[in-house]
Amino acid sequence: MKTFKVLYNQNKLYSEITTEASYTDQRSELSLRAVFNGSEKYKIGKRTVVVFPGNFLILNEGTSYDRDIYSNSIANTFAIFFSEKFLRDFQYGSSLPDRNLLDEPIDSEMLQRSTFLETIYPCKGDIRYNLAHLLDHFNENSDDLLLDDYIYHALLLFYRLYYKEVLNKCNRLDALNASTRDELFKRLSLAKDFMLSNYNQDISLEDISAHACLSPTHLFRTFKQIYSCSPHQYLIQTRLDNARHMLKSTDYTLNEIVNLVGFTCPSTFIKLFKNKFHFTPGTYRNHVA
């Protein structure tokens, strides 16, 4: 089932509930792509990323991509397409002091188009709740002004997240040259996206470093600088986060979840889950979730 709506200001909302779909040679405005259940695969140029619950993907205006959904469970995907005028007005209104905005309240035509790092971002906390409420109101066919409030707030939260996840973390790198720092951060983002997209597979540090075009030693050292953990620790955390989602949202047995998220030993999984969330998986499913 597909639901699509164009708002009065040309922002667009799109929701799809399916187990199988394929779209090729897609291109659109700046868009935010979230998944609330199942998964969605994107092929962007030569790289492939998979979006799971708990994350979202940003695609810039004009980016060409293919999109596929093949899921054993029903996938629920959601996208916001930001119109160019809405983005200019947002950037204009949030970047200038009040005095300028009073003198020239609508002069945003000269601003450059916003572009962002096309990577997977965490969909947690305020931005997750905002998107969930936006999807609920969208499904209820709420009026455009209410939907626009949520879209504006989603963009505001993303700008804050972008500062935290990209600009702030990039500055943690030891590289002195700004261009070197930017390129290194992009490659580390490729490593992070590879782990998030393939967390349920048997992948090694060598696999991750090859995907990011970095040596294993260089990857290990610089990854810890920006994510405060090793690639292996990041992979384990990702598996545990996805296991928690499955415990809450699916009927899979514990052994099935252990296999689906990439663990091989149930007892190890239970120990790691309890260390991170302070509950056993069974207690979490039955009493917490």
Side-chain angles (χ1 to χ4, degrees), residues 2-17 23 25-36 40 42 44 49 51 55-65 67 76-168 189:
K2 305 175 187 177
T3 309
F4 180 73
K5 184 173 184 178
V6 182
L7 277 62
Y8 71 96
N9 56 10
Q10 300 306 303
N11 286 331
K12 303 178 182 71
L13 297 173
Y14 178 83
S15 174
E16 185 170 8
I17 299 175
Y23 307 91
D25 198 22
Q26 303 286 292
R27 196 184 301 265
S28 70
E29 303 91 338
L30 174 73
S31 57
L32 183 156
R33 313 301 186 98
V35 172
F36 288 95
E40 188 170 28
Y42 288 84
I44 310 164
V49 297
V51 184
N55 297 303
F56 65 87
L57 174 68
I58 289 291
L59 295 177
N60 288 311
E61 180 179 356
T63 294
S64 180
Y65 60 92
R67 179 169 67 90
N76 185 1
T77 64
F78 181 58
I80 306 173
F81 302 92
F82 301 99
S83 73
E84 184 175 352
K85 184 178 185 307
F86 178 83
L87 285 170
R88 284 203 311 267
D89 290 344
F90 178 90
Q91 185 179 354
Y92 185 76
S94 59
S95 61
L96 295 178
D98 289 341
R99 181 71 261 172
N100 298 71
L101 295 174
L102 287 172
D103 293 339
E104 298 289 348
I106 56 174
D107 187 19
S108 61
E109 297 298 322
M110 299 302 292
L111 289 178
Q112 294 183 344
R113 179 183 302 169
S114 298
T115 57
F116 301 96
L117 183 63
E118 293 181 322
T119 187
I120 298 175
Y121 296 86
C123 188
K124 300 176 181 178
D126 289 343
I127 196 166
R128 179 185 180 278
Y129 289 115
N130 177 271
L131 293 175
H133 285 302
L134 174 57
L135 177 59
D136 288 341
H137 288 296
F138 177 51
N139 290 334
E140 295 167 1
N141 199 28
S142 298
D143 65 81
D144 283 15
L145 286 177
L146 177 60
L147 295 174
D148 201 46
D149 281 348
Y150 280 98
I151 293 174
Y152 177 88
H153 197 53
L155 188 59
L156 178 64
L157 291 170
F158 170 67
Y159 266 72
R160 293 174 181 172
L161 184 66
Y162 192 79
Y163 176 83
K164 176 183 176 182
E165 291 293 322
V166 176
L167 303 180
N168 189 39
S189 296

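All of these numbers come straight from a predicted model, not from anything done at the bench.
For the residue pair Ala154 and Ile80, the shortest heavy atom distance occurs at CB-CD1, 4.3 Å. The minimum heavy-atom distance linking Leu57 with Val51 is given by the pair CB-CG2, 3.8 Å.
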Evaluate the criterion side chain to side chain donor-acceptor pair (under 3.5 Å) for residue pair Tyr42 and Gln26; output intermediate values, then yes/no. CA-CA 10 Å; Tyr42 288 84; Gln26 303 286 292; over 6 Å; no
Stepwise side-chain contact (heavy atoms from CB on, under 4.5 Å) test for Leu87 and Leu155: CA-CA 9 Å; Leu87 285 170; Leu155 188 59; 3.8 Å; yes
After noting the C-alpha distance and the side-chain angles of Lys85 and Arg88, does the key distance pass the side-chain contact (heavy atoms from CB on, under 4.5 Å) rule? CA-CA 5 Å; Lys85 184 178 185 307; Arg88 284 203 311 267; 4.2 Å; yes
If you apply the rule ring pair (Phe, Tyr, Trp, His ring centres under 6.0 Å), what do you find for Phe116 with Tyr162, and how did you get there? CA-CA 8 Å; Phe116 301 96; Tyr162 192 79; 5.0 Å; yes
Report the C-alpha distance between Ser189 and Leu117 in whole Å, list the side-chain angles of each, state the deciding distance to 0.1 Å, and finish with yes or no for side-chain contact (heavy atoms from CB on, under 4.5 Å). CA-CA 9 Å; Ser189 296; Leu117 183 63; 3.5 Å; yes
Please lay out, stage by stage, how Glu29 and Phe82 fare under the test side-chain contact (heavy atoms from CB on, under 4.5 Å). CA-CA 6 Å; Glu29 303 91 338; Phe82 301 99; 5.7 Å; no
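Between the CG atom in Asn76 and the CD1 atom in Ile17 there is a gap of 4.5 Å [rounded to 0.5 Å]. Between Ser31 atom OG and Phe81 atom CZ the span is 5.5 Å, to the nearest 0.5 Å. Separating the CG atom in Asn11 from the OG atom in Ser83 is a distance of 4.5 Å, to the nearest 0.5 Å. Phe56 CZ to Tyr121 OH: the interatomic distance, rounded to the nearest 0.5 Å, is 7.5 Å. Once rounded to the nearest 0.5 Å, the distance linking CG of Leu59 with OG1 of Thr115 reads 13.0 Å.
Listed by chain and number, the residues in a side-chain hydrogen bond (donor to acceptor under 3.5 Å, both in side chains) with Thr63 are Glu118 (sequence neighbours excluded).
A donor-acceptor contact shorter than 3.5 Å is absent between the side chain of Ser15 and the backbone of Phe78. Proximity of a side-chain donor or acceptor of Asn168 to a complementary backbone N or O of Tyr163 within less than 3.5 Å is not detected.
Under the 4.5 Å side-chain criterion, counting only non-hydrogen atoms from C-beta, Thr3 is in contact with Phe138. At least one side-chain heavy atom of Ser64 sits under 4.5 Å from a side-chain heavy atom of Asp25. The shortest distance between side-chain heavy atoms of Leu147 and Leu13 falls below 4.5 Å. Between Tyr8 and Asp148 the shortest side-chain heavy-atom distance falls below 4.5 Å. Using a 4.5 Å cut-off on side-chain heavy atoms (C-beta onward), Val6 and Gln10 make contact. Two residues are said to be in side-chain contact when any heavy atoms from C-beta on lie closer than 4.5 Å; Leu7 and Ile151 meet this criterion. Annotation: side chain of Glu16 is in contact with side chain of Tyr23 (closest heavy-atom distance under 4.5 Å). Counting heavy atoms from C-beta on, the side chains of Ile58 and Leu32 come closer than 4.5 Å.
Arg33 and Tyr65 share a donor-acceptor pair across their side chains, judged by distance under 3.5 Å alone.
A salt bridge is defined here as a Lys NZ or Arg NE, NH1 or NH2 lying under 4.0 Å from an Asp or Glu carboxylate O, and Arg160 with Glu165 fails to meet this definition.
Residue-environment remark: NZ (Lys5) exceeds the threshold of 12 foreign heavy atoms within 6.0 Å.
Phe90 and Tyr152 have their aromatic ring centers within a separation under 6.0 angstrom.
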Atom pairs and distances, side-chain donor-acceptor, residues 129-137, under 3.5 Å, sequence neighbours left out:
unit_1	atom_1	unit_2	atom_2	d
His137	ND1	Ser142	OG	3.4
His137	NE2	Tyr150	OH	3.4

